[in-house]
Amino acid sequence: MRTVVKVIVLVLLLPLCPSGQDKQDWPSLAYLRNDYKSVSVVAHVLIREAEITGRVGGYENWRISCEVLESFKGRFRRHDVFEYFHGAEAGLKKEYFTGEKIVFLLADYEERKKAFRYSVLENSTLPPTEDRVRKLRAIRRSYAKRRSKP
């Protein structure tokens with residue numbers, strides 16, 4: 001009987017415990033640095049428009065139009081407007097693709113169009129926080145220092 005009561009109390013208290021991803025300081029600097037190294041573009045963006053362009057199985061492909069608020073890596077600068085693609089599980093509401101986001105984008109060159117096509121690195125899009133922006137600025141500075149050394 002005591003075990004049942006303990007389990008019930010534990011289950012009732014569990015929602016009060018914050019998860020690792022809800023922390024303001026998540027993700028760690030090392031996690032962000034790993035994603036930063038994996039992509040061509042890292043930017044804090046304001047999403048202007050989002051629309052579904054196709055469905056495959058249980059997934060949807062979204063075309064996102066956005067404006068750069070701050071660039072951490074890549075060719076885009078503040079106020080540049082561009083589009084990228086985001087694959088997501090079917091059923092996500094359009095509201096998920098609104099507002100400000102920090103995006104990590106892969107670049108694929110399309111020979112036919114003679115242009116780059118950008119798509120998100122899976123599970124990398126984050127809402128901006130002061131801590132995340134501070135960490136990305138530090139990563140950007142560390143890479144700029146490496147490039148400037150002879």
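A 4.5 Å side-chain heavy-atom check between F76 and V45 finds every atom pair outside the cut-off. When side chains are defined from C-beta on, K73 does not count as touching R140, because their heavy atoms never get closer than 4.5 Å. A heavy-atom distance below 4.5 Å is found between the side chains of F82 and C66. Side chains of V81 and S65 form a contact here, defined as non-hydrogen atoms less than 4.5 Å apart. Using a 4.5 Å cut-off on side-chain heavy atoms (C-beta onward), L32 and V42 make no contact.
Listed for the T125 side chain is no donor-acceptor partner under 3.5 Å among the backbone atoms of V103. S38 contributes a side-chain N or O that, together with a main-chain N or O of N34, makes up a donor-acceptor pair within less than 3.5 Å. Without hydrogens or angle criteria, R132 side chain to W26 main chain gives a donor-acceptor distance under 3.5 Å. At least one donor-acceptor pair closer than 3.5 Å links the side chain of R78 to the backbone N or O of L69. With hydrogens and angles disregarded, a donor-acceptor distance shorter than 3.5 Å links the side chain of D80 to the backbone of R77. Judged by distance alone, the side chain of K135 and the main-chain N or O of P27 form a donor-acceptor pair under 3.5 Å.
In the hydrophobic clustering of ILVMFWY residues, with side-chain heavy atoms under 4.5 Å counting as a link, L106 and V68 come out apart. Hydrophobic clustering (side-chain heavy atoms under 4.5 Å, transitive across Ile, Leu, Val, Met, Phe, Trp, Tyr) groups L121 together with Y36. Linking ILVMFWY side-chain heavy atoms closer than 4.5 Å, directly or via other members, places Y143 and F104 in a single hydrophobic cluster. The same ILVMFWY cluster, assembled from side-chain heavy atoms under 4.5 Å apart, contains both V120 and V41.
Across every non-hydrogen atom of S40 and A107, the tightest pair is OG-CB, 3.7 Å. In this structure, P127 and I102 approach most closely via the heavy-atom pair O-CD1, 4.5 Å. Of all heavy-atom pairs spanning R48 and E67, the tightest one is NH2-OE1, 3.1 Å. Counting all heavy atoms, side chain and backbone alike, R117 lies closest to N61 at NH2-ND2, 3.6 Å. Minimum interatomic distance between H44 and P128 (heavy atoms only, all atoms of both residues): NE2-CG, 3.5 Å.
A cation-pi contact, defined as under 6.0 Å to the ring centre and within 45° of the axis, is absent between K114 and Y109.
A salt bridge is defined here as a Lys NZ or Arg NE, NH1 or NH2 lying under 4.0 Å from an Asp or Glu carboxylate O, and R137 with E70 meets this definition. Salt bridge annotation for D131-R134: present, with a cationic side-chain nitrogen under 4.0 angstrom from a carboxylate oxygen.
More than 12 heavy-atom neighbours from other residues, nucleotides or ligands sit within 6.0 angstrom of CD on E83. More than 12 non-hydrogen atoms from other residues, nucleotides or ligands lie less than 6.0 angstrom from CD of E110.
Checking each of L46, I47, L126, I64 against K101 for a side chain to side chain contact (heavy atoms under 4.5 Å, CB included) leaves exactly one that passes, namely I47. Of the candidates W62, Y59, F97, Y118, F97 is the only one forming a ring-ring contact (aromatic ring centres under 6.0 Å, His included) with H86.
The line from NZ of K37 to CD1 of I139 is 9.5 Å long, rounded to the nearest 0.5 Å.
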